[in-house]
There are 2 protein chains.
Amino acid sequence: MLSKKAKYAMLALVHLAKHQDEGPILISRIADDEHIPQKFLEAILLDLKKDGVLASKKGKGGGYYLIKEPNEVNMADVMRLFDGAIALLPCVTYKYYERCEECKDEETCGIRETFLEVRNETVERLKSATIAHIIATEDSLSKKK
Amino acid sequence: MLSKKAKYAMLALVHLAKHQDEGPILISRIADDEHIPQKFLEAILLDLKKDGVLASKKGKGGGYYLIKEPNEVNMADVMRLFDGAIALLPCVTYKYYERCEECKDEETCGIRETFLEVRNETVERLKSATIAHIIATEDSLSKKK
DNA sequence: ACAAACTCTATAAACTTAGTAGAGTATTGC
DNA sequence: GCAATACTCTACTAAGTTTATAGAGTTTGT
């Protein structure tokens, strides 16, 4: 399962993209609008800033804003930032690779092969899910309704 | 991430399928061969028994054995049994459905839509990953090597 | 100077995971 | 019938993670 952190981060990013033309957005506003505990959100936005997705301005008129284009920020990266690996087994991750202690032969492990395929599909799908794509999806879902 | 329970369950099931012709298999043998803590494995096999995948025999000559065909047992079911939902968001699961507290409108949520697609792909892939399929994969990987 | 607003550190409750201990129950072989 | 074998059940626990909260600190604009 996605952590609350990752989920909140995604909501905040979509919010920031939607209000990109309004200058810096207050943490308190995002927290209110998206129903996220403010103090918790502060830490999340800070992480996104350290990761180079957002920037902030202090003092009056301050707030957070996107510094990447909405089509350059994808859910795979967000998920990795907050929840670590996307794969369901440590032996099929790239960045977080870890051998399974109980594994006899990784190269011929059928379970590994299965979860490698799942991982690849998921990563591909999440990479194509950019903020821009999510907003477009929401527009299209709204029209149908 | 997959829990150890689910991983161990998969290893045990593959083991049982491979030795299906030898009658009941001892917990201790599976634990030794697959490098799984025995006491932990006992609980896992019991769960699989309650779920109707395995049966057991007590006393001398006893042990566990498959009562479903290897092509009828898939990793989606195993994962659901031990780890709950396969989906990454509670709002896109069928059996474990839960509304996201912070969600404004589920029907038009772009994040939900993304993770619904991921879920569907993953479930499909894991359903096709039966024990029989995993063993066949291992055979084919061994030959390549 | 002062208020606004982000930043940083510390702490904690609740929950989950992974595993252990030990007594209990059923079955087989002799 | 009895001893050995092997699964079953209940209870417990250590460690780690998640989801926060509290409060002091720092920077900026006017």
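Residue numbering restarts at 1 for every chain, and letters A, B, ... go by the order of the sequence lines. For the numbers below, each heavy atom of this structure counts, side chains included, while hydrogens, waters and symmetry mates do not.
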**Message:** Taking any heavy-atom pair under 4.0 Å as a contact, classify A:Leu26: base, sugar-phosphate, or nothing.
**Reply:**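 Touches sugar-phosphate only.
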
**Item:** Side-chain N,O (B:Ser3) to OP1/OP2 (C:dT16) below 4.0 Å
**Value:**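 No, outside the criterion.
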
**Prompt:** Is the distance from OP1 or OP2 of C:dC6 to the nearest side-chain N or O of A:Lys60 less than 4.0 Å?
**Reply:**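 The answer is no; no side-chain N or O of A:Lys60 sits under 4.0 Å from OP1 or OP2.
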
**Request:** Report yes or no: is there a donor-acceptor pair, N or O only, under 3.5 Å between the side chain of B:Lys5 and the base of C:dG19?
**Result:**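 Per atom types, no contact qualifies.
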
**Request:** Return the nearest nucleotide to the side chain of B:Glu42; candidates are C:dG19, C:dC6, D:dT8.
**Result:**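 Of the candidates, D:dT8 comes closest.
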
**Prompt:** Taking OP1 and OP2 of C:dA18, is either one under 4.0 Å from a side-chain nitrogen or oxygen of B:Lys7?
**Reply:**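 Checking B:Lys7 against C:dA18: no side-chain N or O falls below 4.0 Å of OP1 or OP2.
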
**Item:** Nucleotide nearest B:Phe40 (side chain, heavy atoms from C-beta), chosen from D:dT8, D:dA20, C:dG19
**Value:**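 Minimum distance to the B:Phe40 side chain belongs to C:dG19.
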
**Request:** Give a yes/no answer on whether the side chain of A:Ser28 brings an N or O atom under 4.0 Å of OP1 or OP2 in C:dA5.
**Result:**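 The answer is no; no side-chain N or O of A:Ser28 sits under 4.0 Å from OP1 or OP2.
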
**Request:** Decide, yes or no, whether a salt bridge links B:Lys18 with B:Glu138 under the criterion of side-chain N to carboxylate O below 4.0 Å.
**Result:**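 Yes.
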
**Prompt:** Given atom CD of A:Glu101 and atom P of C:dA18, what is their separation to the nearest angstrom?
**Reply:**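 Whole-Å distance recorded here is 10 Å.
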
**Message:** Using whole Å, what does the distance between atom C1' of nucleotide C:dA18 and atom CG of B:Leu41 come to?
**Reply:**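 The distance from CG of B:Leu41 to C1' of C:dA18 comes to 13 Å, rounded to the nearest Å.
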
**Request:** Indicate, with a heavy-atom threshold strictly under 4.0 Å, whether B:Ile27 touches base, sugar-phosphate, or nothing.
**Result:**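 Sugar-phosphate contact only - B:Ile27 comes under 4.0 Å of backbone atoms but never of a base.
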
**Item:** Name of the residue among A:Lys7, A:His15, A:Arg29 meeting side-chain hydrogen bond (donor to acceptor under 3.5 Å, both in side chains) with A:Glu34
**Value:**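 That would be A:His15; it is the only one of A:Lys7, A:His15, A:Arg29 passing the side-chain hydrogen bond (donor to acceptor under 3.5 Å, both in side chains) with A:Glu34.
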
**Spacing of B:Arg29 atom CZ relative to D:dT5 atom C1', expressed in whole Å** =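 Result: 17 Å.
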
**Request:** Using whole Å, report how far CG of A:Asp47 lies from C1' of C:dC8.
**Result:**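 Whole-Å distance recorded here is 12 Å.
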
**Asked** Just how far, in rounded Å, is C1' of C:dA5 from OH of A:Tyr64?
**Response**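 From A:Tyr64 OH to C:dA5 C1': 10 Å.
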
**Euclidean distance, atom OH of residue B:Tyr65 to atom C1' of D:dC7 [Å, nearest integer]** =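 The distance from OH of B:Tyr65 to C1' of D:dC7 comes to 12 Å, rounded to the nearest Å.
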
**Message:** Whether B:Tyr8 contacts C:dG19 is assessed here as follows: a side-chain N or O lying under 4.0 Å from the phosphate OP1 or OP2. Is that the case?
**Reply:**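 Indeed, a polar side-chain atom of B:Tyr8 lies that close.
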
**Message:** Between the side chains of B:Glu106 and B:Arg99, is the shortest nitrogen-to-carboxylate-oxygen separation below 4.0 Å, so that they form an ion pair?
**Reply:**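 No.
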
**Prompt:** Do A:Val78 and A:Ile131 belong to the same hydrophobic cluster, where Ile, Leu, Val, Met, Phe, Trp and Tyr are linked whenever their side-chain heavy atoms lie under 4.5 Å apart, directly or via other members?
**Reply:**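 Yes: a chain of side-chain contacts under 4.5 Å links A:Val78 to A:Ile131.
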
**Message:** Any carboxylate oxygen within less than 4.0 angstrom of a Lys/Arg side-chain nitrogen, looking at B:Glu42 and B:Lys39?
**Reply:**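 Looking at B:Glu42 and B:Lys39, the cut-off is met.
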
**Message:** Measuring only between side-chain heavy atoms, which start at C-beta, is B:Met79 closer than 4.5 Å to B:Leu126?
**Reply:**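 In short, these two side chains touch, coming nearer than 4.5 Å.
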
**Message:** Measure NZ/A:Lys58 against C1'/C:dC8 and give the value in whole Å, please.
**Reply:**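 A:Lys58 atom NZ is separated from C:dC8 atom C1' by 9 Å.
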
**Item:** Whole-Å distance separating the CD atom of B:Gln38 from the P atom of C:dA21
**Value:**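 Taking atom P of C:dA21 as the reference, CD of B:Gln38 is at 13 Å.
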
**Request:** Quick one: label B:Lys4 by what it contacts on the DNA or RNA (base, sugar-phosphate, nothing), any heavy atom closer than 4.0 Å.
**Result:**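 Sugar-phosphate: the residue B:Lys4, judged by heavy atoms under 4.0 Å, touches backbone atoms but no base.
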
**Message:** Among D:dT28, D:dC7, C:dC8, which nucleotide has an atom closest to any side-chain atom of A:Lys39?
**Reply:**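 Minimum distance to the A:Lys39 side chain belongs to C:dC8.
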
**Item:** Nearest listed nucleotide, side chain of B:Lys50, among D:dC7, C:dT7, D:dC9
**Value:**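 Taking heavy atoms from C-beta onward, the closest nucleotide is D:dC9.
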
